[in-house]
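Here is the structure we will look at, set down as structure tokens.
Because only heavy atoms are used, hydrogens play no part in the values below, and waters and symmetry mates are left out as well, while side chains stay in. Every number for a ligand or one of its atoms is a count from 1 in the order of the listing.
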Amino acid sequence: MPSLRDAARGRILFGGDYNPEQWPEEVWEDDARLMKEAGVNSVTLGVFSWAKIEPRPGAREFGWLDRLMDLMHAHGIGVVLATPTASPPPWMGARHPETLPRSEDGSIVWYGSRQQFCASSPVYRRYAAALTEDLAARYADHPALTVWHINNEYCTHCWCDGTAAHFRRWLRGRYDTLDALNEAWGTAFWSQRYDAWTEILPPRTAQYMKNPAQVLDFRRFTSDALLECYTAERDIVARHTPQIPVTTNFMPLWSGQDAWAWSAQEDVVSVDIYPDPRDPLGGQYNAMIADMTRSQAAGPWMLMEQAAGPVNWRGVNHPKPEGLNRLWSLQAVARGADAVCYFQWRQSRQGSEKFHSGMLTHAGEQGRTFREIKRLGAELALLGPAVSGSGVAAEVAVLHDWDSWWAGEQEGRPSSLVDYTEIVRSWHRALWEGGFATEFARPEADLSQFKVVAVPHLYLLTDAAIDNLVAYVRGGGRLVCGFFSGVADVDDRIRPGGMDARLRALFGIRTLHEWWPLDAGAAVECDGFRGGLWSEELEAEPDTEVVAAYRDGELAGLPAVLRRGRAWYVSTLPGPEALRALLDGVAREAGAEPVLAGLPPGVEAVRRGELLFLLNHGRGTVAVNVPGDLADLLTGRAVRGTVELGRHGVAVLRSAAP
Ligand code: GAL
């Protein structure tokens with residue numbers, strides 16, 4: 001199977017989306033010159049060029065792309081070639097309106113922007129396949145081709161009649177009989193029983209709350225329908241070039257695609273990361289997405305897009321202060337990225353993204369952004385041979401699952417304030433601030449390599465997942481589980497007792513009487529900390545250790561955090577310090593160690609292969625104590641005892657011993 005290693009060849013890929021169709025050809029030579037100057041070795045071509053390649057149905061205009069592929073090759077720059085199927089040209093929607101998605105209320109999502117296609121439309125799929133076929137045939141032997149990039153950020157949703165028919169086929173595959181479907185969807189409730197397959201619809205706008213099991217299946221279906229579009233194009237390009245790896249870029253922690261299922265279908269896992277430069281925890285957000293992507297890739301991954309400066313889609317779009325782009329880029333490398341790329345090479349002068357930064361901004365080659373890009377390019381060239389292809393070891397796993405997310409975030413639940421991604425982020429933050437290297441895993445995965453497994457919040461757990469967790473603890477692992485977990489089964493049916501009996505036995509919970517969600521901003525006092533968002537009225541088994549009890553409110557005196565042997569249950573969301581202390585304690589008991597002890601606040605340490613990365617996310621200069629005789633790969637200087645890091649400073653250390 002081809003991999004990122006084949007494309008990177010001992011380097012870190014550096015570059016970005018290149019949209020030369022927006023520019024006159026005389027600019028292209030200048031682009032190539034400046035790319036060389038910046039150390040760019042990879043560009044992504046073609047992402048939004050469908051209308052340029054196929055200006056009218058069946059036409060093919062490849063000449064311009066031929067010239068670009070040759071130009072890039074002449075400059076030693078590899079091409080990540082995209083199938084341009086994310087944005088069909090207007091002629092598609094005008095001639096084939098059935099390719100346009102429909103919203104939940106039946107209204108049409110028109111062309112004039114991008115990504116206006118229905119994943120279930122046979123017409124869209126036919127045109128996409130034909131174009132992919134010709135693109136792959138034409139460039140299969142081109143020496144510049146390094147990676148195939150299928151589509152872009154698959155994210156469309158559609159509720160049209162064609163989707164309805166496709167949904168029914170998918171449901172037949174899952175349930176076989178209508179009786180099984182009625183049972184799984186609990187259609188005895190509110191007189192929703194289906195008498196014929198043709199009656200079943202995607203969950204469209206309705207009078208009141210929709211059937212949650214139907215919504216859950218529709219989310220599963222939508223992810224699968226988009227995945228079919230991906231695999232159809234992937235199979236075409238792979239037939240032409242079995243040696244070239246294939247990817248499609250994910251949005252980070254995006255609910256529309258089950259990235260566990262998707263990444264299994266990719267040779268290279270890639271992601272687009274856009275933290276807010278003003279977010280004081282932006283570094284933690286990056287670390288979380290990097291850990292997640294590396295886990296999905298089971299190894300090195302590709303940072304396909306990030307912004308060199310401001311984006312244009314927040315309310316207020318802040319630039320990156322000097323050094324921040326470098327810090328976050330090197331952080332991605334530390335956490336396993338073998339590619340550091342951007343949206344986009346040259347900032348657009350027209351269109352919706354003309355205020356979105358590029359590597360080369362409106363300020364041009366004299367601009368600060370480009371100057372910083374050049375520095376980063378040179379440093380990545382230095383780092384490549386030392387780091388490319390190597391791994392990041394972790395002793396702690398965080399469990400994450402799309403089914404649970406989809407089932408948990410619906411109408412009609414105890415608290416609409418519970419935000420799945422925020423809870424995952426809180427738990428990852430606690431581990432990140434504690435200095436532990438973490439991986440993400442799905443609940444059914446083999447967990448035996450981890451000393452600690454953290455479950456921030458998994459509302460839905462399958463029987464297999466529950467058995468897996470129980471076996472993990474029996475096998476010697478330590479499990480820490482957050483509130484409102486193990487509540488529903490695979491069909492979003494509440495487990496008897498409100499939490500699966502195997503889990504209650506594992507944690508030593510005799511009875512779960514009630515869930516007591518908290519109001520926005522409210523807190524509940526517990527022994528030694530304050531909890532937020534949620535609390536639970538639990539009755540423990542006599543041999544269960546109550547680690548902390550609730551101190552005020554209706555639940556005063558009842559267990560808040562409890563433990564039975566190697567299994568902990570946390571029935572609220574402790575504040576950041578408390579969650580950190582709790583996870584720290586469990587990790588230490590398990591023999592898991594932070595990457596480097598005694599770090600000043602805001603400094604992150606990551607080991608990748610032989611290298612120790614130190615990254616300063618804090619505001620000021622800090623001195624970090626380091627063990628042994630080391631050398632900083634970036635400066636070539638010897639480091640003994642301490643290393644000083646300025647604001648946004650980074651050191652990449654390796655043993656000075658020969
Ligand atoms: C990504 C997308 C790019 C560009 C970028 C802007 O979601 O793939 O094409 O729009 O956002 O931040």
Side-chain angles (χ1 to χ4, degrees), residues 13 15-23 42-52 79-89 109 111-117 147-157 226 229-230 233 247-257 259 262 266 268-279 282 285-286 289 292-293 301-320 324-325 328-329 332 337 339-362 369 373 421:
L13 297 181
D17 279 21
Y18 180 30
N19 296 305
E21 60 270 41
Q22 297 174 14
W23 297 89
S42 177
V43 293
T44 303
L45 274 176
V47 176
F48 292 112
S49 58
W50 194 338
K52 176 95 174 160
V79 173
V80 177
L81 188 55
T83 63
T85 52
S87 203
V109 177
Y111 46 88
S113 177
R114 67 178 187 188
Q115 285 156 320
Q116 71 291 348
F117 65 89
V147 177
W148 284 111
H149 176 302
I150 304 294
N151 203 283
N152 189 69
E153 294 187 341
Y154 277 102
C155 61
T156 59
H157 283 77
L226 289 167
C229 293
Y230 165 77
E233 293 186 25
T247 190
T248 181
N249 50 336
F250 292 142
M251 284 191 268
L253 202 46
W254 157 247
S255 73
Q257 288 162 291
W262 280 68
E266 295 182 279
V268 173
V269 178
S270 61
V271 71
D272 305 339
I273 315 184
Y274 292 98
D276 189 342
R278 296 284 286 241
D279 180 355
Y285 174 81
N286 286 336
I289 301 303
M292 202 172 268
T293 312
W301 55 281
M302 187 164 185
L303 173 51
M304 184 67 86
E305 292 181 21
Q306 61 172 336
V311 298
N312 67 318
W313 40 260
R314 292 197 169 93
V316 178
N317 297 294
H318 297 280
K320 287 182 171 166
L324 186 60
N325 175 40
W328 285 354
S329 298
V340 172
C341 301
Y342 292 83
F343 177 85
Q344 61 178 331
W345 161 250
R346 190 187 274 273
Q347 186 166 22
S348 301
R349 290 185 58 202
Q350 290 180 293
S352 305
E353 295 185 322
K354 57 188 182 295
F355 293 114
H356 190 295
S357 56
M359 299 166 82
L360 189 63
T361 62
H362 296 311
T369 301
I373 285 287
T421 58

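For the pair Asp276 (side chain) and Arg278 (backbone), a donor-acceptor distance under 3.5 Å is present.
With Ser348 as the fixed residue, the side chain to side chain donor-acceptor pair (under 3.5 Å) test singles out one of His362, Gln22, His356: Gln22. The only member of Asn325, Asp17, Asp272 that meets side chain to side chain donor-acceptor pair (under 3.5 Å) when paired with Tyr342 is Asn325.
For Gln347 and Ser357, the side-chain atoms include no donor-acceptor pair closer than 3.5 Å. A donor-acceptor contact under 3.5 angstrom links the side chains of Glu233 and Thr83, judged on distance only.
Closest approach of Cys155 and Trp254 over heavy atoms only: CB-CZ2, 3.5 Å.
Enumerated by chain and number, the residues approaching ligand 1 to less than 4.0 Å through a heavy atom are Phe48, Arg114, Asn152, Glu153, Asp272, Tyr274, Glu305, Trp313, Phe343, Glu353, His356.
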